[in-house]
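For reference, the structure discussed in these notes is given below.
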Amino acid sequence: MAAYYATGARVQRKPVDSCGCYFLSPPMLTHSRAALVRAVAACAGCREAQALHSLAWKLGLASDVVLATALLIRYAKRGLLATAQRLFDEMPRRDVVACNAILAALGSAGGRAAGARALFERMADRTPATWNAMVTCYCRADDLGSARLVFEASLRAGSSSVVSWNAMINGYCKAGRMDAARDLFDLMGRTLPDVVTWNTIMAGYLHRGEPATVIAMFHRLVHIHQQQQQHEEEHKLRPTTVTMATVVTACTQVGDSALGRQIHLQIRQQGTRVDAVLSNALMDMYFKCGSADCALDIFRTMPCRPNLFCWNTVIAGLGMNGRGEDAVTAFRDMVEGGRKHEVKPDAVTFVALLSACSHSGLVAAGRKLFADMLPVHGVPPQTEHYGCVVDLLCRAGRVDEAARLVRAMPGRPNAKLLGSLLLLDARAPERQEDGVRLSEWAARRISEMDLGDGAAYGLSNVYASLQRWERVEEHRKGVRAAAGHGKGTRRKQPGRARYDLASSCAN
DNA sequence: ATAGGGTTAG
């Protein structure tokens with residue numbers, strides 16, 4: 001295990017007592033402790049952390065606060081909150097940093113706010129990190145009222161920093177309360193916000209579906225930074241990798257590929273560090289504006305190894321550019337990937353891959369990949385995967401096979417899947433006999449469903465295409481009823497069905 | 001050794 005070698009401790013020497021503990025001279029022990037802390041902070045998986053943990057025991061360093069805190073953070077980051085908590089409970093003495101670390105762990109575990117608050121109250125000396133961890137804890141627990149109270153108390157206690165403001169603003173952004181986030185941002189004035197504040201609020205607008213606001217703020221940020229350079233002030237508003245990833249994504253969403261390319265140029269000119277996330281945002285931008293080769297250039301010259309997101313973007317991007325064979329090849333590269341470099345696919349990978357097969361008519365390949373999902377790749381097929389395969393089979397005219405698949409699938413097919421089955425089936429004129437029967441079957445399943453969501457709009461269009469007017473009326477009534485009881489959240493607008501049967505059957 | 005920001009499908 002590589003992490004062992006990183007410690008520099010010669011632990012291969014003979015154990016000196018019956019417990020299997022090793023004896024090291026004091027200078028050697030100091031050296032080993034520092035090396036262990038570094039190794040723990042750098043290690044990737046929890047297997048490594050466990051190995052280093054037992055090594056710490058054997059070296060008699062188990063009660064070392066700094067080492068235990070480093071391990072606690074590793075476990076928490078791997079989602080092993082119980083292990084982290086046990087480590088904390090078993091510490092012979094705890095300092096502020098250890099307490100702050102467990103507070104942060106409780107927060108990232110999804111708002112264990114009550115436990116965090118109890119510890120927070122018991123803490124005699126609190127640092128800004130203590131207050132901020134508590135604010136974040138409440139934000140993650142969706143208790144913004146309590147978060148705000150703690151935030152304001154930290155201001156009064158004189159134990160706040162720009163990080164406190166950023167944590168609170170981020171809480172509002174994640175809750176979609178951009179008005180409250182913007183109020184706080186404006187309260188900060190001209191000098192307090194740093195680049196993270198800007199990144200946070202820009203990401204908030206992006207998340208709320210306001211990419212144009214993100215782009216406007218980016219221009220303002222660049223302008224302020226240029227002014228700072230002219231006046232030789234401190235450059236704390238220099239756009240970062242994160243800024244660039246956010247604004248590139250905004251360009252993709254508004255479809256402004258000219259600005260996207262210009263920002264790509266700025267990134268290269270200014271020497272912005274390019275990591276996996278920024279590469280991914282750029283690739284996605286190029287794929288979506290039809291420049292698949294530019295996207296692949298970025299992929300090939302990435303300064304780091306592609307992660308799951310990057311592979312998914314490449315597979316989806318090749319698919320949407322009509323390059324299904326290349327998408328399948330990319331998938332092979334992903335899962336084979338050379339020793340230790342493979343990336344495990346997830347559910348998103350297979351939606352991208354199967355739709356790529358569907359768009360390029362790769363029936364045999366798609367069917368095989370679908371069949372391999374669980375047994376070979378360990379990804380259980382979900383309704384959307386069945387939808388992709390139904391699409392694939394229907395387009396290739398294999399309607400019977402599609403019908404068998406839907407009938408055999410676990411769980412209930414959703415309206416979207418049934419709709420595409422119904423539509424694509426009825427579309428194949430040479431299969432009129434089977435087609436009518438299958439359409440009837442799908443229509444019956446649909447009529448049994450609760451159509452309280454946007455699916456009803458699409459389906460009423462499908463029915464209209466099929467000229468089954470009585471069913472159109474039935475479903476439009478259903479849509480009106482659903483609209484009346486809606487909670488006023490995002491609702492899909494009625495639009496055209498994806499496949500217009502009426503026009504394709506006109507002659 | 002601790003607190004704040006970014007990416008993928010349909």
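Throughout, a chain's letter reflects where its sequence line sits, starting with A, and its residues are numbered from 1.
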*Got a sec? Which of residues 85-108 of chain A come in under 4.0 Å of DNA chain B, heavy atoms?*
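The answer is Asp95(A), Val97(A), Asn100(A), Ala104(A).
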Value in whole Å for how far the [atom2] atom of [N] lies from [atom1] of [X]:
| X | N | atom1 | atom2 | answer |
| --- | --- | --- | --- | --- |
| His207(A) | dG6(B) | NE2 | P | 10 Å |
| Met283(A) | dA9(B) | CE | P | 11 Å |
| Asn312(A) | dG10(B) | CG | P | 11 Å |
| Phe331(A) | dT8(B) | CZ | P | 21 Å |
| Leu71(A) | dA1(B) | CG | P | 13 Å |
| Leu278(A) | dT7(B) | CG | P | 12 Å |
| Met320(A) | dA9(B) | CE | C1' | 7 Å |
| Asp194(A) | dG6(B) | CG | C1' | 15 Å |

Check every atom of [options] against the side chain of [X] and return the nucleotide holding the closest atom.
| X | options | value |
| --- | --- | --- |
| Ala70(A) | dG10(B), dA1(B), dT2(B) | dA1(B) |
| Phe309(A) | dA9(B), dT7(B), dG6(B) | dT7(B) |
| Thr69(A) | dA1(B), dA3(B), dG6(B) | dA1(B) |

Students often get this wrong, so: under 4.0 angstrom with heavy atoms, is [X] touching a base, only sugar-phosphate, or nothing?
| X | answer |
| --- | --- |
| Thr240(A) | base |
| Ala281(A) | nothing |
| Ala316(A) | sugar-phosphate |
| Leu72(A) | nothing |
| Thr130(A) | nothing |

Would you confirm whether [X], through its side chain, and [Y], through its main-chain N or O, come within 3.5 Å as a donor-acceptor pair?
| X | Y | value |
| --- | --- | --- |
| Arg126(A) | Phe120(A) | yes |
| Lys236(A) | Thr191(A) | yes |
| Ser108(A) | Ala104(A) | yes |

_Is Lys174(A) close enough to dG6(B) that one of its side-chain N or O atoms is under 4.0 Å from OP1 or OP2 there?_
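Lys174(A) to dG6(B) OP1/OP2: side-chain N or O found under 4.0 Å.
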*Looking at Lys288(A), does any N or O in its side chain come under 4.0 Å of the phosphate oxygens OP1/OP2 on dA9(B)?*
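Affirmative; the distance criterion is met.
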*Just by distance, with hydrogens left out, do Thr249(A) and Thr252(A) show a side-chain donor and acceptor under 3.5 Å apart?*
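Checked: Thr249(A)/Thr252(A) side chains show no N/O donor-acceptor pair below 3.5 Å.
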*For Asn307(A) and Asn280(A), does a side-chain donor sit closer than 3.5 Å to a side-chain acceptor?*
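Asn280(A) and Asn307(A) do not have a side-chain donor-acceptor pair below 3.5 Å.
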*Could you tell me whether the side chain of Lys174(A) reaches within less than 4.5 Å of the side chain of Asp142(A), counting heavy atoms only?*
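No; the side chains remain at least 4.5 Å from each other.
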*Partner of Phe350(A) by ring pair (Phe, Tyr, Trp, His ring centres under 6.0 Å), out of Phe370(A), Phe331(A), Trp311(A)*: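 Going through Phe370(A), Phe331(A), Trp311(A) one by one, the ring pair (Phe, Tyr, Trp, His ring centres under 6.0 Å) with Phe350(A) is satisfied by Phe331(A) alone.
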*Salt bridge flag under 4.0 Å for residues Arg323(A) and Asp293(A)*: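 Yes, charged N to carboxylate O under 4.0 Å.
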*Is any side-chain N or O of Asn280(A) under 3.5 Å from a base N or O of dG6(B), one able to act as donor and the other as acceptor?*
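No pair found.
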